[in-house]
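Scroll down for the structure; my scribbles are underneath it.
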Amino acid sequence: MSPALDYFTSTRAAPVQPQTESVTTPDPLGSHLDYETYYNARLDPANYLEGPLSSNPATRLRQMLARPGIVVMVAPGICDGISARCAIETGFNCLYQSGAATTASRLGQPDLAIATLNDFVGAASMVCSIDPTMPVIADADTGFGGPTMVARTVTQYAKAGVAALHIEDQVQTKRCGHLLGKQVVSREEFITRVRAAVLARDRVPGDSDFVIIARTDSAQVLGMEEAIIRLQLAAKAGADVCFIEGVRTKELLESTVAALAPKPVLVNVISGGLTPSFTSSEAEAMGAKIIIFSLVSCVAMVHAVRAAMQSLKKTGTDFTSAQGMDPKAFFTVMGLDAVVEFDARAGGLSQNSCIIYCDTLPEKPRWKGVNLSCKVRHLKRQGQVYDVTEFLDDHPGGSKIILKYAGQDATREYEPIHPPDAITTNLPPEKHLGPVASDTVERVEVVITDEEKARQARIAARPPLNEILNLHDFEAIARQTMTDKAWAYYSSAADDEITNRENHAAYHRHVLFVGVKCLFFTGSGLDREYFVTLRKLTGRQQFLAIRQTATALGKLGHPDGELNLTRAAAKHGLIQMDMRMKFEAEDPSEVTKAGSEGVDRSQGAARAISDALEAYDRGLAGVVLSNHGGRQLDFARSGIEILVEVVEKLKTMRGLTFPNDKFQLFVDGGVRRATDVLKAVALGATAVGVGRPFLYAYSTYGPEGIDKALQILHEINTVQDEFEMNMRLLGAKTIKNVVPSMVDASNIHTHIVAVPGDYLYDSNYENLQSATLRRTTKNKL
């Protein structure tokens, strides 16, 4: 390899140098301090000791450098607007724009003098515009040329809002300071660069406080002694801060600080670089004033983006890498709140997304309109108003929820529980009144609460999927990471939740012997109605009772809602059973009693023997035995209990045996283990529905969660899943070998019977709470 291209081995033999630049050796000691000393009384550090920190970033930086009481400045290296936003959000008081990071982020190239002055200034201008008061220290490489070009660099950096730049003594064809084989210019040329930068700063109109940092890379080429001499000369020439690159030990840093006192010293730490990984407190103890971590953001970005891309390539979704961050949360980090506030103060409406407009009349409040747009629109494309006066009392969710968000941004409440065409489908065209008037809309600032921040932290702390061992684990994680509303809706049931718990407990009253290789999805347990559709299942032609509609409030748990179930069903060749929603309440806790008929809840799956017999007599293909996930009538019997009776009656009264291709039985409710599935199939079920566990799976881990849940229950390229293991233990090689004699169902109708405790289920169940007094200072509890 040519010496000029060897970036990782140190060779003392100097490579061929450009004619205009040369590697030097130190002058005789004692002669290096003969340069004229620069002094500017206005910039004396004593002038920056008093008063509040300035909003001018350069002045602010000088104040921070001058005041001994301020802790060492930690300046994280940022590479773009996203990393800058994250650093500011975290609370850093100074940023560092790394040349290596800028070259990588803007050009996708290594730090080998490829980026130009325009690249650096463009990046700096963008970063400084995010928070104009934040001091930004920017890498200026070699100054990009001779004295005049150095001066131009300083001027452009200052105009961009940069607080400080550092200029170095490498040759123009420079490389990263933590790569070996560097070459440096002579002392004289280095000091000329520093002097040009100082003179340019002093020529900036308005008495600029711009900070000049002199950097030397000579320690690895000419030794520490020469490096210190160069920085001493730079300080005499007017440099405000000294930066020694590649200092290798604690002792060398301490001696450098002592030799350059009282000039502040900057140290650069790069993991795996030449300088040890000093912490900020360690650097402060050694006397350094500024510590920069040049590649902290771009190296982290490589790891994070690489992992996200690999996950997307493998799974076909970005749910895991998103870690629960939706677009609005992302834009909030990018300064959305400030933009919305400014837009509102200016009288704009471009940031309002879903707005309910209410006109209160003396006799009755009326909901006049809603803007269905859920995306940021241009000012000229404002929300549309619909007259729903005649619909207000008929709204299944009641009028209260509509009036609650009157005149406010209701996107978060409206979108997860309504189809996109909810308004246009239910209202005739003449009810469309036109665009909403901006002065009638109340703008509400969206504040991320401490509770939501804590929830996001819990989402980030989820265990990897390979640590999820059963469906109970999904529920345990969901309880901790879902929103309160989503968890309350998915986990709740009717009244005292007796039926909900009985659905699961009923399986415990069977002593096992069973097996099936088919599952179908159910929704969250609301009303369903069924019709006949052809489907191949377990190698036989089967008919399934299904109504394929949106899962009730599926988007409460995940933006894609029931699409997660549909995609998983298609991917793994399963049947998806969904439900027909009979109402669309904006708030699940507020179901209306309005109207003479109220809410029609008459439809549902077959729940009694007479229903099953009638279905068979009418020539239907089968029935679903369900109590709707325990959501409606409390004390209703479980599907598995009804299954035993239905099979018996169809055998004695119609001569049927099961499994039966002409009339099939499906059961749902309470399933948590493959053994539950096996028990139901042995008793005559064609397939078993799994509802809440899959909702929890996609709410916590997205599509990958569904895949994992199916892997646990079903046979998906693994020999360790519950289903296959239990089939083996039962001695059932195929589905035909799963027979009624494998299950003792004698206790199924005995609702009080000693069974082993299910600690996983019990630990996830959230007990109902009785009414309590309001919390006031007068309460004495």
Side-chain angles (χ1 to χ4, degrees), residues 300 303-326 329 454-483 486-487 490-491 517 519-522 524 551 554-574 576 671-677 688 690-726 758-761 763-764:
H303 290 307
V305 173
R306 180 181 286 163
M309 294 303 169
Q310 291 172 347
S311 176
L312 178 60
K313 179 72 173 178
K314 179 179 179 180
T315 66
T317 176
D318 67 344
F319 181 80
T320 297
S321 59
Q323 298 184 41
M325 177 176 284
D326 59 22
R455 189 180 75 87
Q456 292 297 332
R458 293 194 296 273
I459 290 174
R462 292 169 304 169
L465 272 172
N466 60 11
E467 294 183 10
I468 300 298
L469 304 181
N470 50 66
L471 298 188
H472 295 290
D473 287 347
F474 284 115
E475 187 168 355
I477 300 301
R479 182 176 179 180
Q480 299 177 74
T481 60
M482 292 178 68
T483 64
W487 169 255
Y490 286 174
S491 65
K517 291 179 69 177
L519 301 172
F520 64 86
F521 294 119
T522 69
S524 56
T551 301
K555 290 185 177 181
L556 282 178
H558 186 278
D560 289 342
E562 69 275 11
L563 280 177
N564 291 295
L565 302 178
T566 304
R567 290 164 179 161
K571 180 178 179 181
H572 300 296
L574 302 177
Q576 177 180 359
V671 174
R672 292 296 186 275
R673 291 285 192 180
T675 51
D676 299 336
V677 180
V688 175
V690 179
R692 286 182 176 91
F694 287 145
L695 293 177
Y696 297 141
Y698 79 63
S699 295
T700 51
Y701 290 93
E704 298 99 321
I706 295 288
D707 290 341
K708 178 65 175 181
L710 289 171
Q711 178 181 315
I712 291 171
L713 285 178
H714 198 48
E715 184 177 0
I716 302 179
N717 299 322
T718 176
V719 297
Q720 297 298 325
D721 60 281
E722 288 184 7
F723 185 86
E724 183 173 343
M725 178 183 68
N726 286 299
D758 189 342
Y759 296 112
L760 290 176
Y761 179 87
S763 65
N764 287 330

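Residue Tyr696 is tested with Phe474, Trp487, Tyr701 for a ring-ring contact (aromatic ring centres under 6.0 Å, His included); the sole match is Trp487.
His472 is listed as a side-chain neighbour of Arg672, based on a closest heavy-atom distance under 4.5 Å. Side-chain contact between Asp707 and Leu465 is absent, with no heavy atoms from C-beta onward closer than 4.5 Å. For the pair Leu312/Ser321, no side-chain contact is recorded, criterion being any heavy-atom separation below 4.5 Å from C-beta on.
Scanning for side-chain hydrogen bond (donor to acceptor under 3.5 Å, both in side chains) contacts around Thr320 gives Glu704, with sequence neighbours left out. Ala486 pairs by the side-chain contact (heavy atoms from CB on, under 4.5 Å) definition with Met482, Thr483, Leu556, not counting sequence neighbours.
Considering CD1 of Ile706 and OG1 of Thr317, their distance stands at 11.5 Å, rounded to 0.5 Å. Between the CD atom in Glu475 and the CD1 atom in Ile468 there is a gap of 12.0 Å [rounded to 0.5 Å].
Between Ile477 and Pro463 the shortest heavy-atom distance is CD1-CD, 3.6 Å. Minimum interatomic distance between Ala709 and Ala697 (heavy atoms only, all atoms of both residues): CB-CB, 4.2 Å.
Between His558 and Phe319, the angle of the ring planes lies from 30° to 60°, which puts this pair in the tilted group.
Residues in residues 454-470 take part in these salt bridge (charged side-chain N to carboxylate O under 4.0 Å, His left out) pairs, two or more places apart or across chains: Glu452-Arg455.
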